[in-house]
Protein chains: 4
Amino acid sequence: MRSEAARVAILQATASQLAARGWDQLTIEGIAAAAKVGKPTIYRWWPSKSALIADALGEGVLPVMAAPADSGDLRADLIAWLDPTLRLADDHDATALTRYLIAAAAEDAAVGERLDAANPATRLLAERLSQAQSRGELAASAPIELIGDAIIGAFVLRVLRRATYAPGDAAALVDTVLAAHVAPGAR
Amino acid sequence: MRSEAARVAILQATASQLAARGWDQLTIEGIAAAAKVGKPTIYRWWPSKSALIADALGEGVLPVMAAPADSGDLRADLIAWLDPTLRLADDHDATALTRYLIAAAAEDAAVGERLDAANPATRLLAERLSQAQSRGELAASAPIELIGDAIIGAFVLRVLRRATYAPGDAAALVDTVLAAHVAPGAR
Amino acid sequence: MRSEAARVAILQATASQLAARGWDQLTIEGIAAAAKVGKPTIYRWWPSKSALIADALGEGVLPVMAAPADSGDLRADLIAWLDPTLRLADDHDATALTRYLIAAAAEDAAVGERLDAANPATRLLAERLSQAQSRGELAASAPIELIGDAIIGAFVLRVLRRATYAPGDAAALVDTVLAAHVAPGAR
Amino acid sequence: MRSEAARVAILQATASQLAARGWDQLTIEGIAAAAKVGKPTIYRWWPSKSALIADALGEGVLPVMAAPADSGDLRADLIAWLDPTLRLADDHDATALTRYLIAAAAEDAAVGERLDAANPATRLLAERLSQAQSRGELAASAPIELIGDAIIGAFVLRVLRRATYAPGDAAALVDTVLAAHVAPGAR
DNA sequence: GATTAATCGAGACGGTACGTCCAGTCTTGGA
DNA sequence: TCCAAGACTGGACGTACCGTCTCGATTAATC
């Protein structure tokens, strides 16, 4: 019978080890030791490091990004949400976990899909956009998913590039991607 | 005196091993064997796997993406350039190298920077956009770099997500990102 | 729980590799391969090559020298035992293992002690001498250990020097060392 | 033309490195560095570590044992010479070089022969014995070489065994080996 | 006294083995 | 009965030396 306590301990250990040491340095042995569990217990239930991370993502053990606020002004909300995020990307330690997850996603399809499904950023952004759409703030024809991809993709790229932050970046990005779809009378 | 033959053989072996086995499975030992070189020769000159890849990128040993054509119609050119790329992203084998490079970039800052600098996609796209700008096809105020980030970032995200291709994706993405900046009379 | 099979295989591989290749050429890697064992298994239980040899000596895996016969005539028995041994010392291949063990003993105290304790030559010679002593063939005051050291030491020296054998050497050595201690009426 | 300065520096470095680190840890690279000489300069003139040591022995760069005194009383002289030597053998650091040379001799025939030829102990002991013989202190029939082998062999064995010193050992050994050959009226 | 050939130092090369870490499998003993 | 603990085979790690090889720089002997 599978021990729930062990399962949780393992996923939490996975998360903390990933945050602390990175994808490459993440070892099953280390996770087992941190979770006070035998290695075979891990191998019994998960086939690989990636599967562990995919599961840890699903479990919400890995940290979470806040949702954009909903003040009624989509543009302002998105900028307010994006700006500190881009600023944070300057700090390579703060984005370390992001990068580790990107690496994991690049290596393993399951992590990629799970990361996408579990990632609050993607989901919450989509929700905010579709809210705006239902209110008429955004054109009905606006391709919500693509807009999300463009914004988050640009963020990912900046993280990978270790880009430096400049004030106005967030506004420029939001405007670039959003401008074409703002409903005529919305402003 | 450093042996140029060894240097080239090592970088080429790095590229071919990376393409064949992926970032995680990439071993210095394997590279050394493939390059018919002693391990210490590699360690003498490169501190890590990442440094090898960064160098291989600089050397142009890793494959290259074509430039968008310049027919005079920016939108059409970008779509023609982007569409097959997105379609290709359906094929997980074809994008494997892309994903390996993303993983490497996520793990190592040097690779990230080099990948950005050496990546023809980023550069060529920027050139095409700035050409369009100088012709008045694109608004003078258009943030070329951000537009590039949004497009390529969306592509990266789809590769990570193993998204499936749908006809029209390329056009939608280009329109989303570009629409706000097309010069008034340009269409 | 330690694997007995692995332990024995490793000690036997050590012995055969030592005999075949010598102390200097003895590699842990080679032993591991010959014993079909992982290197870490060796390092888990033995800190060094020397410790392996010391253990192999204790296990009796390394070859053994016959005891001197006991015909009642000490001098004749010792000569009969020593003569073929000295003759053999002419053959550098036959004494190779002896030399390897000397080298190992010189490098490592544990091997030295174990070699002394496990070496049947020392022990059997001492037993034969003390038998002779209890029978009155040898003076009660005879320093058995020193006599043993002198005989075996001379042998070791000849092996190191790659001395050539001459008939009568054995008798001369036995007489030199023993004469002073033969009990007056024993002959 | 061969550089004499380099030759001497190399042999001295060999000697000091051997004394300092032992036979096993003796590296050509270390010798070259200590002698401020390129490795090929060593390989040009000596085929192996052993050859270096054999040469260093011939050069007298390696330390030397004193001759037994000649007071006219052979037994007393030998004991006086042997006793401090055996006592010294208790100190494992002091005998380290002896053991290293034994190891080298065991591994390499050339060193064995050279060690024997160059070793003052063997030679000086033989000289002292033959002096005693010519004076009639020792029987004309005494096998000088064997007596030497027995004494020095016993010493070597004690060094290998890391035996502890007991007062009287020297006297007992000398008596054991010598008693049979002291000329009747000599005492 | 200049030229030329040998030898020098330095150190990179292809390799082998080192001793370590971790992977993933298997076995055992205690809960 | 299940699981922690941990030993097992195996393979890659990054390092130390091996013995060989090119390099220029420096001598030493010949011309």
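Bear in mind the structure is a predicted one, so any value in this text is a computation, not a measurement. Numbers restart at 1 for each chain; the letters A, B, ... are given by sequence-line order, proteins then strands.
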Whole-Å distance, C/Asp24 CG to E/dC18 C1', equals 15 Å
Quickly work out the A/Gln25 CD to E/dA23 C1' distance and round it to whole Å. 15 Å
Taking the side chain from B/Arg162 and the backbone from B/Leu160, do they hold a donor-acceptor pair closer than 3.5 Å? yes
Mark yes or no: A/Arg7 above the aromatic ring of A/Trp45, with NZ or CZ under 6.0 Å from the six-membered ring centre and no more than 45 degrees from the axis. no
Go along nucleotides 7-15 of chain F 5' to 3' and tag each nucleotide: B for a protein heavy atom under 4.0 Å from its base, S when only backbone or sugar atoms are that close, - otherwise. SBBBBSBBB
Rounded to the nearest angstrom, tell me the gap between atom CH2 in D/Trp46 and atom C1' in E/dT7. 13 Å
Counting only pairs under 3.5 Å, give me each side-chain donor-acceptor contact of residues 30-43 of chain D, with atom names and distances, residues two or more places apart or in other chains.
{"unit_1": "D/Lys39", "atom_1": "NZ", "unit_2": "D/Glu29", "atom_2": "OE1", "d": "2.8"}

Short question: side chain of D/Lys49, backbone of D/Ala104 - any donor-acceptor pair under 3.5 Å? no
Worked verdict on B/Ile53 versus B/Trp23 for side-chain contact (heavy atoms from CB on, under 4.5 Å): CA-CA 10 Å; B/Ile53 295 190; B/Trp23 164 256; 3.3 Å; yes
Checking A/Arg99 side chain against A/His92 main chain: does a donor-acceptor pair fall under 3.5 Å? yes
Rounded to whole Å, the CD1-P distance (B/Ile10 to E/dG15) equals 12 Å
Distance in angstrom units between A/Ile42 CD1 and F/dA5 P, rounded: 12 Å
Atom-pair distance (CD on C/Gln17; P on E/dA17), nearest Å: 11 Å
